[in-house]
Amino acid sequence: MLTVSDVHLSFRGVRALAGVSLTVEPGETLGIIGPNGSGKSTLFNVISGIYKPDRGRVTFLGTDVTAAEPRSIVSLGLARTYQNKRLFGSLTVLENVVVPALRTQAGSWLGDIVGRSAGRAAADAKARDCLAFVGLHDVADVQANSLAYGQQNRLEIARALALDPKLLMLDEPAAGLSPPERIEMRDLIERVKARGTAVALVEHDMRVVMQLCSRLVVLDHGEVIATGSPAEVTANPDVIAAYFGVPVDD
Amino acid sequence: MLPQLLIGGLGTGCIYALVGLGFTLVYRGMAMVNFAQGQVFMAGTFLGLYLARDLGVPAIPLLILVPAISFVAGALLEKLVFRRLYHSHEVFVVGAIGLGVMIENFVRALFPEPLPFPKIFGSGVYRFIPGVLFQKTYLWIVVITLILVLMLHIMFTYTRRGRALRAVAADAEIAGTMGVSVPRAIGLTFGLSFAVASIAGVLIGPLYFVSPDMGDMVGLKAFSAAVLGGINSIVGTIIGGILLGVIEATAAFYISTDYKDVFAFAILMLMLVVRPHGLLGRVVPVKV
């Protein structure tokens, strides 16, 4: 459903992506791993339309989205979360999810004020469903920036799910979480997969990646150095070299 | 004497609060300061003057018509002028000051002399408390300010447009990907900021002779009021405005009228040094 082919991107001469190609199939969970600075987040930003690549193409569900605006990519069914948690901090948890849920609802000013707008009621119900799905329904009326860090991760996922994604891209959803929270996060992503949503996952926690992903792509210095099943990839000498350095012959 | 001063201070304070709200709305949405706000307020007065004096529009329709026209003007100017200035705050500030000068001189070309504003709210006084005069105009100022603040609160809290505006204020880029039309939200923000400032212009009109330079000082004082209360906080700006009005009125009486204008700017300086985010404002962390 997603095809990235030969994407190049440089920032002021610094090569961030050098000919990256990958695909995500419907219903699949693809893990994108690699050392820090290998281009994982940059790749997400290219796919979601925040950066335009210098060269190469991104197609999603048969549509060329290489030069498309982020919002039109979202409306095709590609949603994402951010590594640095970009919630609407001054809005409540529920409102954070209502904003994307309203995207597909028609309504009127007056109906909104008197609370009789069908679109708004539907959006509220949908937002509450998404919050229940990630386990945040009991903090719906709390202001988003007073949430604990682990809850913020889940709110980002709820907000992305309210966009009805066919492909959900998660940028380090387990970063900064405690071990029990990591297990909860893994279970949550399992449930997203069970809905039939394809997932592209950037993550450093190898245990989370191994358990969730059927296929991995390894990036290093902006290039794909390996792809395959978790077992294949972890046995690949190039991958070991990228993570731990090249062994010195004596 | 003190109750009388408080009433006067409350009246002027409401005006500062409304014009200051214009600063706050734009600042929350764009993180930019629109220094044409004082001239928008003045243009609102003259629009009101024209409609009331030449066309005989009475008070209540005037308080609907002037902000409606100003709303459209604000949204239009956003599209034609402000939108081209967002790329840098310095450019925006200088551009807004320039626009203010243009508005002021445009009005001066039409109305070169200071003029009396029709007494649209009547000229009577109430005596709720013995010995304290409550001019009708002041009552209108306070009541209309309250109604406006309530309307803004309802809009921001309960309507989808209000939520969209708050989402854009929190993170415009993300709001854009979530289906919020950011250009429309920004147009709406400028429209609203023009509307509230122009209502302030109509409300204060009957108290003074009106002149094209009347917005200069009010604009700067309203900015001080917004900084005092917290320029990213709507409640803070209202409290800042009223506080500033009351401080000015009492200080002018008990200290000296000559130094009346000094207090607003002394407060501005003090706040910028001691508490730049204002009494009720939030410190916004810089995200990288």
Side-chain angles (χ1 to χ4, degrees), chain A residues 45 48-50 68-76 78-92 94-117 119-121 123-124 127 143-145 156 159-165 169, chain B residues 24-25 27-31 68 71 147 150-186 188-189 191-192 195 230-237 277 280-288:
Chain A
N45 285 336
S48 55
I50 293 172
E69 286 301 311
R71 57 181 297 165
S72 54
I73 297 175
V74 166
S75 55
L76 287 172
L78 200 161
R80 66 168 293 185
T81 64
Y82 294 81
Q83 199 182 329
N84 52 349
K85 308 297 157 267
R86 295 179 64 174
L87 297 168
F88 303 128
S90 52
L91 274 62
T92 68
L94 181 66
E95 285 172 334
N96 262 273
V97 191
V98 168
V99 169
L102 274 171
R103 191 178 61 100
T104 49
Q105 301 292 343
S108 65
W109 282 62
L110 194 64
D112 283 352
I113 293 169
V114 298
R116 287 187 176 279
S117 150
R120 166 132 180 233
D124 270 16
Q143 199 172 316
N145 55 14
E156 274 225 321
R159 203 172 57 168
L161 289 175
L163 294 165
D164 302 316
M169 302 204 299
Chain B
T24 300
L25 289 170
Y27 189 83
R28 274 162 51 104
M30 308 292 303
F71 181 94
I147 292 174
L150 198 68
M151 280 171 62
L152 280 176
H153 176 74
I154 289 172
M155 192 206 81
F156 275 107
T157 317
Y158 299 109
T159 72
R160 73 179 67 202
R161 288 272 181 278
R163 271 189 193 145
L165 287 187
R166 285 160 60 215
V168 168
D171 192 329
E173 195 180 19
I174 300 296
T177 69
M178 300 271 163
V180 175
S181 166
V182 176
R184 197 194 290 172
I186 293 171
L188 181 61
T189 301
L192 283 175
I231 193 160
N232 58 21
S233 158
I234 288 179
V235 182
T237 299
H277 51 280
L280 269 74
R282 293 170 290 120
V283 184
V284 180
V286 178
K287 282 183 192 167
V288 279

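Convention: sequence-line order gives letters A, B, ...; per-chain numbering from 1.
Annotation for A/L91 and B/A167: closest pair CD1-N, 4.0 Å, computed over non-hydrogen atoms. A/G89 and B/A170 get closest at one heavy-atom pair: N-CB, 4.2 Å. Nearest heavy-atom pair, B/V180 versus A/R71, reported as atom, atom and distance to 0.1 Å: O-NH1, 3.2 Å. Across B/M178 and A/R159, no two heavy atoms sit closer than the pair CE-NE, 3.4 Å.
Contacts between B/A175 and chain A at a heavy-atom distance below 4.5 Å involve backbone atoms as well as side-chain atoms. In this structure, no portion of A/I73 lies under 4.5 Å from any heavy atom of chain B. In this structure, chain B has a heavy atom under 4.5 Å from the side chain of A/L163, while its backbone stays farther away. For B/A164, no part sits under 4.5 Å from any heavy atom of chain A, backbone or side chain.
Each of A/L102, A/V98, A/V99 was checked for a side-chain contact (heavy atoms from CB on, under 4.5 Å) with B/R160, and the lone residue meeting it is A/L102.
Under a cut-off of 6.0 angstrom, the local environment of CZ in B/F71 is crowded, with over 12 non-hydrogen atoms contributed by other residues, nucleotides or ligands.
Ranked by heavy-atom pairs shorter than 4.5 Å toward chain A, the options B/G176, B/G162, B/A169 are led by B/G176.
Residues B/T177 and A/R80 form no side-chain contact, since every pair of their non-hydrogen atoms from C-beta on lies 4.5 Å or further apart.
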